[in-house]
Chemist: 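Below is a structure I'd like to ask you about.
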Amino acid sequence: MPLSRPERIAIVEVAPRDGLQAEDRTLPTDLKLELLERLADAGHTTIEATSFVSPKSVPQLADAEDLMKRLTPRAGVHYTALVPNATGLERALACGVHDIAVFASASESYSRKNLNRSRDEAIAGYGPVIKKAKDAGLRVRGYLSMVIADPWDGPTPAAVVADLSRQLLDFGCDEISLGDTIGVGTPGEVSALLAALRRGDVPLAKAAFHFHDTYGQALANVLAAMSEGVTAFDASVGGIGGSPFAKMAGGNLATEDLVWMCKGMGIHTGIDLDKLVATAHWLGEKLGRDLPAHVSKAMRANLGS
Ligand code: MG
């Protein structure tokens with residue numbers, strides 16, 4: 001039976017936020033602006049640019065205001081910013097941000113460690129933030145992390161993920177990004193999660209997946225989700241960004257690995273692979289390390305550079 005595949009997928013590029021916040025080296029604002037320009041030049045239309053969390057907790061992104069104010073808007077390109085609460089939303093609005101993301105955890109322990117609140121308190125707390133953002137005309141994305149498992153709590157029940165997704169959509173989120181934050185999931189768990197989403201009346205058209213490649217399963221998981229109708233995926237150029245619980249492992253699914261697979265399958269992404277790989281090589285130099293993406297390494301080797 002031929003693989004079922006979509007004609008096109010949407011890729012949300014998360015390297016400038018999810019990626020850079022995990023790096024030891026903080027890029028100066030000028031280089032972050034260059035990274036955003038390069039990603040847009042490569043064809044990205046949704047780029048997670050920064051975060052309005054406390055600069056104390058994420059010093060790598062302490063320049064959020066400066067970055068967003070200096071960023072030149074581009075027709076057709078959405079630059080999103082992470083917002084943790086009402087204060088973060090105020091900061092984002094003051095910079096003229098049009099697209100925000102809120103982040104919650106599907107597991108209890110990670111919510112308490114990452115957000116200092118219980119899972120249900122965190123979700124409920126986002127209600128007024130999302131409403132205010134929607135009233136201001138913003139597009140809102142809702143992240144749910146640890147949707148497959150959590151290092152302390154073990155497997156996350158799929159029905160819980162469906163229920164939390166439903167709540168975030170009911171609050172007004174335009175899209176839910178489901179994160180396998182520690183990258184332990186396989187296509188089996190992805191399929192089970194999709195079945196739970198369908199049972200929970202969560203429209204797959206509003207669901208994106210955010211896979212980590214810790215156990216080398218990210219592309220297999222993308223394929224499983226695609227074959228069941230998911231058409232939006234988060235990815236990070238160079239594969240930067242990791243789970244704080246698996247620092248030694250590969251981080252986010254690398255955008256160039258995803259684009260390479262889609263090219264081979266005839267699935268449109270809108271991304272220019274050569275420009276993307278050139279950006280990964282450039283970023284690796286600026287960060288002073290080899291980045292984990294397979295395709296960028298392979299293409300560098302084939303170029304002999
Ligand atoms: Mg991530």
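Read the numbers this way: they start at 1 and go in the same order the structure lists the ligands and their atoms. Keep in mind that what you see is a predicted model, and the values were worked out from it rather than measured.
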Chemist: Do Val147 and Leu144 have side-chain heavy atoms sitting under 4.5 Å apart?
Modeler: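 SC-SC contact between Val147 and Leu144 confirmed.
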Chemist: Let me confirm one number: the CD-CG distance from Glu175 to Leu168, rounded to the nearest 0.5 Å.
Modeler: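 If we round to the nearest 0.5 Å, Glu175:CD and Leu168:CG are 12.0 Å apart.
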Chemist: Please check: side-chain N/O of Asp257 versus main-chain N/O of Leu219, any donor-acceptor pairing under 3.5 Å?
Modeler: no
Chemist: Taking the side chain from Asn85 and the backbone from Gly88, do they hold a donor-acceptor pair closer than 3.5 Å?
Modeler: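 Pair found, side chain donor or acceptor close to backbone of Gly88.
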Chemist: Quick one: how many protein N/O/S atoms are under 2.8 Å away from the Mg ion (ligand 1)?
Modeler: 4
Chemist: Is a side-chain donor or acceptor of Asp180 paired with a backbone partner of Ile148 at a separation under 3.5 angstrom?
Modeler: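 It does not hold such a pair.
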Chemist: Taking the cut-offs as 6.0 angstrom to the six-membered ring centre and 45 degrees off its axis, would you call Arg112 and Tyr110 a cation-pi pair?
Modeler: no
